[in-house]
Every structure is written in structure tokens, then in C-alpha cells.
Amino acid sequence: MKHMISICIVALFALSAICIPQSFSTQSEIAHEAVFTEIFSAKVGNGADEIAYAEYDSSLFGPNDMSIDKNGTICLLDSQNKRMLLISDGEIKEKITFDFCEIPVRGLRNNGNYYITDLVYDVVYEADANGKLLNKYPLPDDVTTKFSHKLYSSNDGKLIFISSGPDVGYVSYVLSKETGKFIREDELFKFVRQTNKRTVTKDGVTWNIVLPNEDFGMDFIDSDNKGNAITFVLEPYAYSIRKYNTKGDLLGYACVPKEKVKAFSSSDNTTCVDKDGNIYYFSSEADAFRIYKVTLGDNYTFAHR
């Protein structure tokens, strides 16, 4: 098991202008400084205990998705090796191979089965606990896996496919097991952009978030166990993980330099939240692949410096 390495670095005053703060809702449980604790690392490669990563290979890239199941197990989609790695206690516990996939881009473990989207085919695959193909669910005619944004599990266990792209924006579809088809359902997940305002609805909860200005972007990661929104904010010179309550109050944040955010996967697929509200972030680098547990603070902290 890898040693736990706590990284706690206070941003220098000269760097404070890089991440632009907002009004902050003070809470006693929020640490002054954000902390990135390394909980897992693996070598880059195609070996049994390695994770494939090709920074400049536009067809395969590297790990394209990370989620966490109800048991707290991190599920990492090792796309080039066509497998899901189940990680807990700092180790890879299981490797589930999906031989039927060409280029898996999104993955989720839900109710004991795996759901995978493939960049080549406009379907969502369902596989059992051993990776055996059970079903293929076609996407609606106007949706392609090229614009796969996220696979979610709703509070009642329904599978939700989120599509994003220049033509469709953010659209949510729920899988009907009775018909084997995805049906559009905006009430389960909805994301609206208005200049510097973002309105997000998931499982009946709505967050109205106002960003500092229109140059900022935002991805919704998930909600925590207290009903707060965990987001990934794209700033002009850096990125930050931020937490907001339903009133739009900023409850905590941590800053990640742009050079540590790889382009092979969107930020909402490199960050996840468990049922207890813990936040996890992964980074692929030249020497290793690393997963961090992130404790948000009331001061910007740069990871990996």
C-alpha cells in the first residue's frame, strides 16, 4: 500500500491574483488551507498494475473517467486497456476487462453492474460484475457518444446519461429497463448557462451559482451528503474545485494549476464525490498516475507545486 502523502502548500501572495475569490461563507469546519492527500499512485504503461496514458494520441488518450460507488470504491476507467480498475485502501483490488469495447470513454458501476459508453458506437453497454456483456442500449437518434458528458446514478438508482455538445447543450436521458431505451428527462439533471450564472438541477435540488465574471466556466461534479454542489471552475489562469450551497454561497475551494489538468478528459470526469462528501481528483503525469483526496479550504492552495 502506498504511503499517504499530504500536500499542503499555501499560495504565495504574488500568486493570489491568479485565482479570483468570491464572497465566502465562513464555516468552522472549513480548513484555512486546502489539502491534497495522495491516496494512490501507479506507473504509466500497459502492464498489469500500470495505467495507460498517451498524451498525444487523440484516439485513445488515457483514463477517461473516474467515479465512486456506494461502497466507497473508486472506479477508474483505464480506457486504452479497456478495463475498469477498482481502487480502495491505496491499491488496485480488481481489474474488470471489457473485451467488447473499442474505445470506452465513460464508465460507472451501478447496482453491481457496469455501464460503459464507447466512442465508436452510439450505445451504452451493460456488463455484469465479471465484465461479461449483458445488454446494449442504443442512444436516441440525435445523440452520439462523441458528446458523452457523464453517466450518473440517481438517488433511486436510475441510470442517467448526460449529453453535451455544440448542437444539444446539456441534455439528460434516463434508461428505461422496461423498453431498453433512453428517455429524455430534464428534471433529473439540468444545466443552464447565462453569462456568468450557472443553474444546476439534480435529483430535484437546484443550485444558482454566480461566477466572478463571464470569462469563467464551470463543470458540475456532483452533490455531497449535505446537499452542496461540488464544481470544477475554469478560471482564466488556473482551475479550482469549489463547493456551493443551494443559495450560491461559496463554502470552500482548492486551486489546481492548468498544466496539471490534462486535455484528454473533461474536468467533471477527473473529479468525483463519495456518499460522505469526500472529494477525489486524479492527475496523469509523465512519471505516474495519481489520485488525491481533496480537503477544501478558505484559501487558495496549489496542488503539485
Side-chain angles (χ1 to χ4, degrees), residues 19-25 27 30 65-68 106 108 110 117 143 147-175 182-236 239-256 261 265-281 294 296:
C19 291
I20 301 175
Q22 292 176 248
S23 59
F24 195 89
S25 178
Q27 293 190 352
I30 298 296
D65 204 4
M66 181 175 72
S67 60
I68 191 161
R106 298 291 179 260
L108 180 73
N110 186 35
T117 66
V143 179
F147 297 120
S148 296
H149 181 69
K150 191 78 174 177
L151 286 172
Y152 275 119
S153 175
S154 66
N155 289 339
D156 56 1
K158 294 178 181 177
L159 182 71
I160 307 171
F161 174 86
I162 309 296
S163 177
S164 66
D167 298 324
V168 298
Y170 285 87
V171 180
S172 62
Y173 301 85
V174 62
L175 176 63
F182 281 93
I183 302 170
R184 181 163 176 170
E185 179 55 82
D186 290 335
E187 295 307 313
L188 288 175
F189 182 87
K190 193 173 184 179
F191 189 106
V192 179
R193 298 187 184 98
Q194 294 176 318
T195 58
N196 66 321
K197 182 180 179 181
R198 303 292 184 270
T199 301
V200 183
T201 299
K202 181 177 182 285
D203 282 326
V205 180
T206 298
W207 299 268
N208 293 297
I209 298 169
V210 179
L211 301 173
N213 59 60
E214 62 185 18
D215 293 331
F216 282 59
M218 192 193 85
D219 284 327
F220 176 81
I221 306 302
D222 210 337
S223 56
D224 66 11
N225 57 337
K226 296 182 179 180
N228 300 310
I230 308 301
T231 69
F232 204 96
V233 176
L234 289 70
E235 307 183 15
Y239 294 153
S240 59
I241 301 170
R242 301 187 179 205
K243 177 164 65 174
Y244 294 91
N245 63 19
T246 54
K247 297 178 180 179
D249 297 325
L250 179 60
L251 303 183
Y253 44 45
C255 200
V256 182
V261 180
S265 186
S266 57
S267 54
D268 56 310
N269 299 106
T270 63
T271 314
C272 62
V273 185
D274 69 14
K275 63 181 179 61
D276 297 319
N278 298 307
I279 302 169
Y280 300 88
Y281 165 77
V294 183
L296 301 181

So CD of Glu235 and CG of Asn213: to nearest 0.5 Å the spacing works out to 9.5 Å
From the options Leu175, Thr117, Val174, select the one residue that forms a side-chain contact (heavy atoms from CB on, under 4.5 Å) with Phe161. Thr117
List for me each residue that meets ring-ring contact (aromatic ring centres under 6.0 Å, His included) alongside Phe191, sequence neighbours excluded, and say none if there are none. Tyr170
Separation of Leu151 CG from Leu159 CG (nearest 0.5 Å): 5.5 Å
Gln194 side chain to Thr199 side chain, donor-acceptor N/O pair below 3.5 angstrom: no
Hey, could you give me the OH/CD1 distance between Tyr281 and Ile221, rounded to the nearest 0.5 Å? 10.5 Å
Out of curiosity, Leu251 CG to Asn245 CG, how far, rounded to the nearest 0.5 Å? 5.0 Å
Please find the pair of heavy atoms, one from Val171 and one from Arg184, that lie closest to each other, and give the distance. CG1-NE, 3.5 Å
Minimum heavy-atom distance Ser153-Asn110, with the two atoms named: OG-OD1, 2.9 Å
Main-chain N/O of Gly248 paired to Asn208 side chain as donor or acceptor, under 3.5 Å: no
Report yes or no: does Asp65 contribute a side-chain atom to a donor-acceptor pair with the main-chain N or O of Leu108 at less than 3.5 Å? no
Under the criterion side-chain contact (heavy atoms from CB on, under 4.5 Å), I'd like the reasoning laid out for Thr231 against Arg198: C-alpha separation, chi angles, the key distance, then a yes or no. CA-CA 11 Å; Thr231 69; Arg198 303 292 184 270; over 6 Å; no
What heavy-atom pair brings Trp207 and Gly227 nearest, and what distance separates the two atoms? NE1-O, 3.0 Å
Residue pair Asp224 / Lys226: nearest heavy atoms and the distance that separates them: OD1-N, 2.9 Å
Ile68 and side-chain contact (heavy atoms from CB on, under 4.5 Å): which single residue from Ile279, Asp274, Asn278 fits? Asp274
Is NZ or CZ of Lys202 both nearer than 6.0 Å to the six-membered ring centre of Tyr152 and within 45° of the ring axis? yes
Between CE of Met66 and OG1 of Thr271, what distance do you get to the nearest 0.5 Å? 6.5 Å
Can any side-chain N or O of Thr246 pair as donor or acceptor with the backbone N or O of Thr206 at less than 3.5 Å? no
When rounded to the nearest 0.5 Å, the distance separating CD1 of Ile162 from NZ of Lys150 is 10.0 Å
Return the minimal non-hydrogen interatomic distance between Lys243 and Asn228, and the atom names on each side. CG-CB, 3.7 Å
Taking every non-hydrogen atom, the tightest pair across Met218 and Val233: CG-CG2, 4.0 Å
